[in-house]
Amino acid sequence: MSNTEPATNQVTKRDIRSAAIRYMFMACNTFNYENQQAPAVVFGLNKVLRKIYKNDEDYKASLNNHFNYFNTTTWMANLLLGASVAMEQKDGIQSKEAVQAFKTGMMGPLAGVGDTLVWVLYPTIMGSIAGYMGLQGNPTGAIIWLLLNIVFFFFRIKLFDVGHTSGLKLITALGDRLNVFTEAASIMGLTVVGALIPAVVKMNVQLKYQAGEVTLPIQTEILDKIMPAMLPAVLTVVVYKLIGSKKLSLTNIIFLIIALALVCSYFGILGV
Amino acid sequence: MEIIQAILIVALAFWMVLDQQGFVITTWFPSIIGMIAGLIMGDVATAMVIAGTFQLMALGVANIGGSSVPNYGLATLVGIYVAIRTTHDIENAKAIALAVGVPVGMLGIQLDVLGKILNSYVSHAAQKALNEGKFGKMNRIFWIGPLIFGLTTAVPTLLCVIFGDKIVRVLLDVVPKWFTDGLSIAGSMLPVVGIALLLQFMPVKKYLTMLLIGFVISAYLGLPILGIAILGFAFAYYYFTQKMSSTPAATAAGSGNTSVEGDEFDE
């Protein structure tokens, strides 16, 4: 790459960093149902592409190409876009088809891994810890989460750069290793989720069993003796099945639980 | 002082959505947004209790592939503002935050969909400007996108800031105790939705053992989540190193990992 650099263009480290930040800011902020993140890609890359294409017509053709449907995990997109810039730098407008094929080919697999890691596992693990600490009025978990986000912010700028310098080669090489990593993260995630059920879902039965002289609080003397956190576990299974069956929307399930809580509160079945 | 707080809360609402969809630093995850809102309102402890409740509801609610999900960040923000303005009792605050926050968070979905529809026009306008050779104009058009999304959260927040606490005060005088108690109970049950939804995305059948281990340690032994997370990390790390050393292609990574493993044994 170094031998083509001085002659064909003057794309600097600074341009790359600026493209990364521009894309990262816009990411889903121009999201629409037609071409999804494409406007953000154009917004992110248009400054650096202008440096590559001095000719207005080539510039338009390249940007029109980037206006095509694009959607992947925004954190991972940095790798793809960095590599796209490298391809256009090398072959100019001839690379148009290749850039398009590369982006469409890679965005699916990267979204699969990326969404799981970035939007499911990371917020689950951090959210469980921060949310649980939060219930006790403690912001420590939230502060750690915020700091990690800042670290990831710089890491993602770096990802764009990595995509630009080693592009295609790297993404294919990482492929199967990322899968092992995702599996391992799932193991950790599930352990935490299992622990969350008794820790955060609270149901307290207020009823007492009355037989002559004897009163037996159902919650502490019966349910807890069979299994601690039995009701939360049952509720989890029920809601899990409900969501899986897709018969009720998420919103309806939420309102159903609120209604159930209100009814149980009215009849004194459940207490705070 | 109250005016400044109100302005900051609305500004935070505007920024929240832009950050979640872009930089992902402050985000709309309830814990983080709740902490910032707590700082603004001068009561971090109450804010964190409310944020924690919403955070656990929000688990697993990821806006994957641009799908629209209840805006729990908005729910948290509005809930914290109204709750701290109207009461200083934590259980009450939780019930109020839930009563105000959940509907507003649900409204957030509708506005999010609307924003995504409107952004089609932004995309078309920008592409049109490009083809006319008006590159500067194209760049300016893109900024309408963040403006639309910012308003989808800032407008509902503004309405709650103006009317929210008045409505809640009236409600609290009228509404019976079983009702606010019921909302508090719902608050302790609703995290189940997040957890159950999360499980849909995870390989539950394959790693059911991990789920059970986590449950048993927490329910029977009462170990805090952080401790269980470390345990979970240990399982994950073991799996990762085993897998890596068994695939011949990844020998380089395997050797790198064993040295890390050695360090941990020393501690």
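Remember, predicted model here, so these are calculated numbers, not experimental data. A note on names: the letters A, B, ... follow the listed sequences, proteins ahead of strands, and every chain is numbered from 1.
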A.B. asks: Can you give me every donor-acceptor pair (side chain of residues 215-228 of chain B, partner residue at least two apart or in another chain, under 3.5 Å) with its distance?
C.D. replies:
from: B:Ser218; atom 1: OG; to: A:Ala195; atom 2: O; distance (Å): 2.8

A.B. asks: Of the listed residues (A:Val42, A:Ile150, A:Leu148), which shares the most heavy-atom pairs with chain B below a 4.5 Å separation?
C.D. replies: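 Looking at each of A:Val42, A:Ile150, A:Leu148 in turn, A:Val42 comes out on top.
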A.B. asks: Which pair of heavy atoms, one from A:Gly127 and one from B:Gln55, lies closest together, and at what distance?
C.D. replies: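 Looking at all heavy atoms of both residues, the closest pair is O-CG, 3.4 Å.
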A.B. asks: Does any backbone or side-chain atom of B:Met189 lie under 4.5 Å from a heavy atom of chain A? Answer side chain, backbone, both or neither.
C.D. replies: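 Both backbone and side chain.
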A.B. asks: So what's closer than 4.5 Å to chain B heavy atoms on A:Asn138: side chain, backbone, both or neither?
C.D. replies: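 Only the backbone of A:Asn138 comes within 4.5 Å of chain B.
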A.B. asks: For a quick test of reading the model, state the closest non-hydrogen atom pair linking A:Asn29 to B:Val17 and the distance between them.
C.D. replies: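 The pair with the smallest heavy-atom distance is OD1-O, 4.0 Å.
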A.B. asks: Would you please name every residue forming a side-chain contact (heavy atoms from CB on, under 4.5 Å) with B:Ile144, sequence neighbours left out?
C.D. replies: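 B:Ile144: side-chain contact (heavy atoms from CB on, under 4.5 Å) contacts with B:Val122, B:Ile141, B:Ile148.
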A.B. asks: For B:Ser123 and A:Asn32, work out which heavy atoms get closest and say how close.
C.D. replies: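 Closest heavy-atom pair between B:Ser123 and A:Asn32: CB-ND2, 3.8 Å.
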A.B. asks: Where does A:Met203 contact chain B at under 4.5 Å (heavy atoms): side chain, backbone, both or neither?
C.D. replies: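 Just the side chain, heavy atoms under 4.5 Å.
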A.B. asks: For a 4.5 angstrom cut-off between non-hydrogen side-chain atoms, does B:Lys206 reach A:Glu183?
C.D. replies: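 A side-chain contact exists here, since the closest heavy-atom pair is under 4.5 Å.
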A.B. asks: Which region of B:Phe149, side chain (C-beta onward) or backbone (N, CA, C, O), has a non-hydrogen atom less than 4.5 Å from a non-hydrogen atom of chain A, or is it both or neither?
C.D. replies: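 Answer is side chain: those atoms of B:Phe149 sit under 4.5 Å from chain A.
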A.B. asks: With a 4.5 angstrom heavy-atom cut-off, could you sort out which part of B:Phe135 is near chain A: side chain, backbone, both or neither?
C.D. replies: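 The side chain, not the backbone.
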A.B. asks: Where is the tightest heavy-atom contact between A:Ala27 and B:Gln21, given as atom of each residue plus distance?
C.D. replies: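 Minimum heavy-atom contact is CB-O, 3.0 Å.
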A.B. asks: Can you check whether B:Tyr238 reaches A:Ile187 side chain to side chain, under 4.5 Å on heavy atoms?
C.D. replies: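 Answer no - side chains too far apart.
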A.B. asks: Check each atom of A:Phe153 against the heavy atoms of chain B and say whether the ones under 4.5 Å are side chain, backbone, both or neither.
C.D. replies: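 Side chain of A:Phe153 only, per the 4.5 Å heavy-atom cut-off to chain B.
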A.B. asks: So, for A:Arg156 and B:Phe23, which heavy atoms are closest and what is the spacing to 0.1 Å?
C.D. replies: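 Smallest heavy-atom distance, with atoms named: NH1-O, 2.7 Å.
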A.B. asks: Heavy-atom distances under 4.5 Å only: say whether A:Met227 touches chain B with side chain, backbone, both or neither.
C.D. replies: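 Both parts, backbone and side chain.
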A.B. asks: Report which part of A:Leu260 has an atom under 4.5 Å of a heavy atom belonging to chain B: side chain, backbone, both, or neither.
C.D. replies: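 It is the side chain, since no backbone atom gets that close.
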A.B. asks: For the residue pair A:Phe43 and B:Trp143, is the inter-centroid distance of their aromatic rings smaller than 6.0 Å?
C.D. replies: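 Ring-ring flag for A:Phe43/B:Trp143: true, centres closer than 6.0 Å.
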A.B. asks: So which heavy atom on B:Ala196 is nearest to which on A:Ile243, and how close?
C.D. replies: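 Of all heavy-atom pairs spanning B:Ala196 and A:Ile243, the closest is CB-CD1, 3.9 Å.
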A.B. asks: Rounded to the nearest 0.5 Å, how far does CG of A:Asn149 lie from OG1 of B:Thr27?
C.D. replies: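 The OG1 atom of B:Thr27 sits 6.0 Å away from the CG atom of A:Asn149.
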A.B. asks: Rounded to the nearest 0.5 Å, what's the gap from NE2 on A:His66 to CG on B:Leu130? Could you check?
C.D. replies: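 CG of B:Leu130 is found 11.5 Å from NE2 of A:His66.
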